[in-house]
Visitor: 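I have a structure I would like to understand better, so I am pasting it below and will then ask my questions one at a time.
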Amino acid sequence: MNNQEVAQIFENIADMLSIKGEIIYKTLAYRRAADSIRAQSRSVEDIWRDGKLKDIQGVGDAIAKKMDALFSQGKMPFYEELKAEVPVGLVEMLKVGDVGPKKAAMFWKEMGITDLDALEKAADEGKLRDLDGMGPKSEARILEGIRAFRRRQTGRISLGDAWPTAEDFLARLRDIPGVEAAEAAGSLRRWRETVGDLDLLVGSSHPDDVMQAFLDFPEIGRVLGQGETKSSVELNNGLRMQIWVHPPERFGSALQYATGSKEHSVKLREWALKQGLSLSEHGFKRDDGTEILCAEEANVYATVDLPWIPPELREDRGEVEAAKAGVLPDLVTLEDIRGELHAHTDWSDGQLTLEEMARGAQESGLDYLLITDHSQSLGVTNGLSEERLRSQRQAIDKLQSKLGDSFRLYQGAEVEILADGTLDYPDDVLKGLDVVVASLHTSLRQSREKVTKRLLRAIRNQHVDVIGHLTGRLIGSRDAADLDVEAIFREAAEHGVILEINSNPERLDLNDVHARRAVEVGCKLAINTDAHHLDHYAFRRYGIGTARRGWVTASDVINTLSMKDFEAWRAARN
DNA sequence: GCCGTTTTCGGCCCGACTGTTTTCAGTCG
């Protein structure tokens, strides 16, 4: 059972207990345990085997015992009993806007409603409005909430859609008179791999005017909520957006608040309280009621004697403790990247020529580029036969002489790891390539043992230098292959094989948790774009965001090396 | 239910917004 599945059980328990009316702190404890399990880079089942469950933040005697039952018996009696008592449909109901535990319990107990369909029917027939604390408006909101929930079933949007939209809005917000600053906040600023809605923060001394100007943007389809400091809207394309407007002298604390995560902010506020300071989006308050205002976000952290914590780390995964101890990692940046090690051309399924891809990389400031067209078996991608691979070598050498000494073009390949674990070119062909990237594209649904074995075999091949997009997942459309990542990381570390963070916003593979664990185990990483077009080089920032979320530093990343050092690494590999 | 640079017991972040209310409960982030 994977961490996600275990976390989901505790999340469900928290929901069910809250519907039962259990004290909030108990439900909070289950929720914290679930978050903490999700953030574990190691499998919690492994941790259980080692008898170290209680080392996990938020896991104490009671929750450890329940996990023990789950892993040793295959099920958790406490959870089974709870499910028999509280209908599971109520848990889904909580995902509808404006429906929380109190209302869900009321619908259940007063009207016998136990699932979304029944709730929708009751709302439609006007039967909810007579309940305590309800009225026609609440009923209409819930009905709309159910419909919005069904619309967004596909879920969260990718960073590749979210960032460009946010940047467009931010640019226009900055043009509004009276706006002194506008920044993205929320999970977008933390570079989470998907975001539920876009959070934007504006600094202005004229909040009413700014808010009104924003609400007049033509893309805005529906206003969900509107106040002095905060409004929430739905765009015509269904995307949700929240905007906060705070005075410039309070912008720093507002940005900190709006960026989250909630768990990080709670930690920070608890820490502030210990120093007699109450922190909110408006700033700090001392016990005597006087305020400390923060125009800059760094001032928020400095006020409680902490260094500024990069947004990507703010998930309550140990960053506050690391900040206190002065051991925050010096995270890799976009500017650290010197070369690209995964790019396609029209020799296989890329859209541009060798020269166009090379010039583009050179003009974007890179020092070297590894061309990695697909290998022969991947027919749909026009994979290269051995003969075409030899022709491509000549073309690359010829182009190199045109490009000059300040930029180096390498020939590699993205070699398919076949279903039986062998590679798609024989060893003597692989030997002739400058750097070899090996990836899986097919038979991802094999058993955990089989896929893991394929990858281990590829890693042990002396010619393989990099493993591309390890799990093969496509966010929102294809699940990751079931892998023993721990075994793979150990093997890669031992053989000096690099693991890629694929920057395509649909992939982001390795993900943040994997990246962090891989480095812990001793692996080096590459941050690649998998570009099939010049435009795709811009994906790099998403890979960087993912790496930073994984606490990755420049020295963990092979393509931060200068051309000279990269050449030395390559020589040592051969 | 968890946890300890106030505590092994008694706390556990803070405020905005909405709709239903005549001062507040519920939800959300």
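We name chains A, B, ... by the order of the sequence lines, and we start the count at 1 in each one.
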Visitor: What integer number of Å spans the C1' atoms of B:dG1 and B:dT5?
Guide: 23 Å
Visitor: Quick one: on DNA chain B, does A:Gly60 or A:Glu270 contact a more 5' nucleotide (nearest heavy atom)?
Guide: A:Gly60
Visitor: If I pick the C1' atom on B:dC17 and the same atom on B:dG10, what distance separates them, to the nearest angstrom?
Guide: 32 Å
Visitor: When you measure from the side chain of A:Ala29, which nucleotide among B:dC14, B:dG26, B:dG1 comes out closest?
Guide: B:dG1
Visitor: Determine the Euclidean distance between corresponding C1' atoms of B:dG26 and B:dT21; express it in Å to zero decimal places.
Guide: 13 Å
Visitor: Within less than 4.0 Å of OP1 or OP2 of B:dG1, is there a side-chain N or O belonging to A:Tyr25?
Guide: no
Visitor: When the C1' atoms of B:dT20 and B:dT27 are considered, how many whole Å apart are they?
Guide: 14 Å
Visitor: Using purine N1 to pyrimidine N3 plus N6-O4 or O6-N4 for Watson-Crick, or N1-O2 and O6-N3 for G-U wobble, each under 3.5 Å, what pairs with B:dC24?
Guide: B:dG19
Visitor: Taking atom P in both B:dC12 and B:dT6, what distance in whole Å separates the two?
Guide: 13 Å
Visitor: Scan side-chain atoms only and decide if A:Arg540 and A:Ser503 contain a donor-acceptor pair under the 3.5 Å cut-off.
Guide: no
Visitor: Can you tell which of B:dA16, B:dT18, B:dG26 lies closest to the side chain of A:Lys230?
Guide: B:dA16
Visitor: Consider only side-chain N and O atoms of A:Gln242 and A:Asp199, and report whether a donor and an acceptor are under 3.5 Å apart.
Guide: yes
Visitor: Students often get this wrong, so: under 4.0 angstrom with heavy atoms, is A:Lys103 touching a base, only sugar-phosphate, or nothing?
Guide: sugar-phosphate
Visitor: So, is A:Ser138 near the phosphate of B:dT20, with a side-chain N or O under 4.0 Å from OP1 or OP2?
Guide: yes
Visitor: Reading DNA chain B from 5' onward, which residue's closest nucleotide shows up sooner: A:Glu228 or A:Arg32?
Guide: A:Arg32
Visitor: Does OP1 or OP2 of B:dC17 have a side-chain N or O of A:Thr229 closer than 4.0 Å?
Guide: yes
Visitor: Under 4.0 Å between a side-chain N or O of A:Ser278 and OP1 or OP2 of B:dC14?
Guide: yes
Visitor: State, without any angle test, whether A:Thr165 and A:Asp168 hold a side-chain donor-acceptor pair at a distance under 3.5 Å.
Guide: no
Visitor: Check whether the side chains of A:His264 and A:Glu319 place a donor and an acceptor atom closer than 3.5 Å, and report yes or no.
Guide: yes
Visitor: When the distance from CG of A:Asp287 to P of B:dC14 is rounded to whole Å, what number comes out?
Guide: 11 Å
Visitor: Distance between the P atoms of B:dT18 and B:dC13, in whole angstroms?
Guide: 25 Å
Visitor: Mind calculating the distance between CD1 (A:Ile24) and C1' (B:dT27) to the nearest angstrom?
Guide: 11 Å
Visitor: Students often get this wrong, so: under 4.0 angstrom with heavy atoms, is A:Asp61 touching a base, only sugar-phosphate, or nothing?
Guide: sugar-phosphate
Visitor: Indicate, with a heavy-atom threshold strictly under 4.0 Å, whether A:Ile23 touches base, sugar-phosphate, or nothing.
Guide: base
Visitor: Provide the distance between the two C1' atoms, one in B:dT8 and one in B:dC3, to the nearest whole Å.
Guide: 9 Å
Visitor: Regarding A:Lys262, tell me which of base, sugar-phosphate or nothing describes its non-hydrogen contacts under 4.0 Å with the strands shown.
Guide: base
Visitor: Around atom NZ of A:Lys137, are there more than 12 heavy atoms from other residues, nucleotides or ligands closer than 6.0 Å?
Guide: no
Visitor: Give the rounded distance in Å between these two atoms: CG of A:Leu277 and C1' of B:dC14.
Guide: 14 Å
Visitor: According to a strict under-4.0 Å criterion, is A:Arg141 in side-chain N/O contact with OP1 or OP2 of B:dG19?
Guide: yes
Visitor: I need the NE2-P distance between A:His246 and B:dC17, as an integer number of Å.
Guide: 9 Å
Visitor: With a 4.0 Å cut-off on heavy atoms, is A:Tyr257 in touch with a base, just the backbone sugar-phosphate, or nothing at all?
Guide: base
Visitor: Identify which nucleotide among B:dT6, B:dG1, B:dC14 has an atom closest to any side-chain atom of A:Ile63, counting heavy atoms from C-beta outward.
Guide: B:dG1
Visitor: More than 12 heavy atoms of other residues, nucleotides or ligands under 6.0 Å from CD1 of A:Ile292: yes or no?
Guide: yes
Visitor: What interatomic distance, in whole Å, is found between C1' of B:dC14 and the corresponding atom of B:dC9?
Guide: 25 Å
Visitor: How many Å lie between CG on A:Leu131 and P on B:dT21, as a whole number?
Guide: 12 Å
Visitor: Checking all strands, does A:Leu273 fall into the base, sugar-phosphate, or nothing category for heavy-atom contacts under 4.0 angstrom?
Guide: sugar-phosphate
Visitor: Can you measure A:Lys102 atom NZ to B:dT27 atom P for me and round it to whole angstrom units?
Guide: 7 Å
Visitor: Please determine, by modelled atom types, if A:Gln212 and A:Asp208 share a side-chain donor-acceptor pair under 3.5 angstrom.
Guide: no
Visitor: May I ask you to evaluate whether A:His264 reaches the phosphate of B:dC13, defined as a side-chain N or O under 4.0 Å from OP1 or OP2?
Guide: no
Visitor: What nucleic acid atoms does A:Lys66 come within less than 4.0 Å of, heavy atoms only: base, sugar-phosphate, or nothing?
Guide: sugar-phosphate
Visitor: Can you tell me if A:Tyr30 and A:Lys66 form a side-chain donor-acceptor pair at under 3.5 Å?
Guide: yes
Visitor: Given B:dT20, B:dC2, B:dG29, which nucleotide is nearest the side-chain atoms of A:Ala62?
Guide: B:dC2
Visitor: Check the distance between B:dT20's C1' and A:Asp130's CG and give it to me in whole angstrom.
Guide: 13 Å
Visitor: Calculate the interatomic distance between A:Trp244 atom CH2 and B:dC17 atom P; express it in whole Å.
Guide: 11 Å
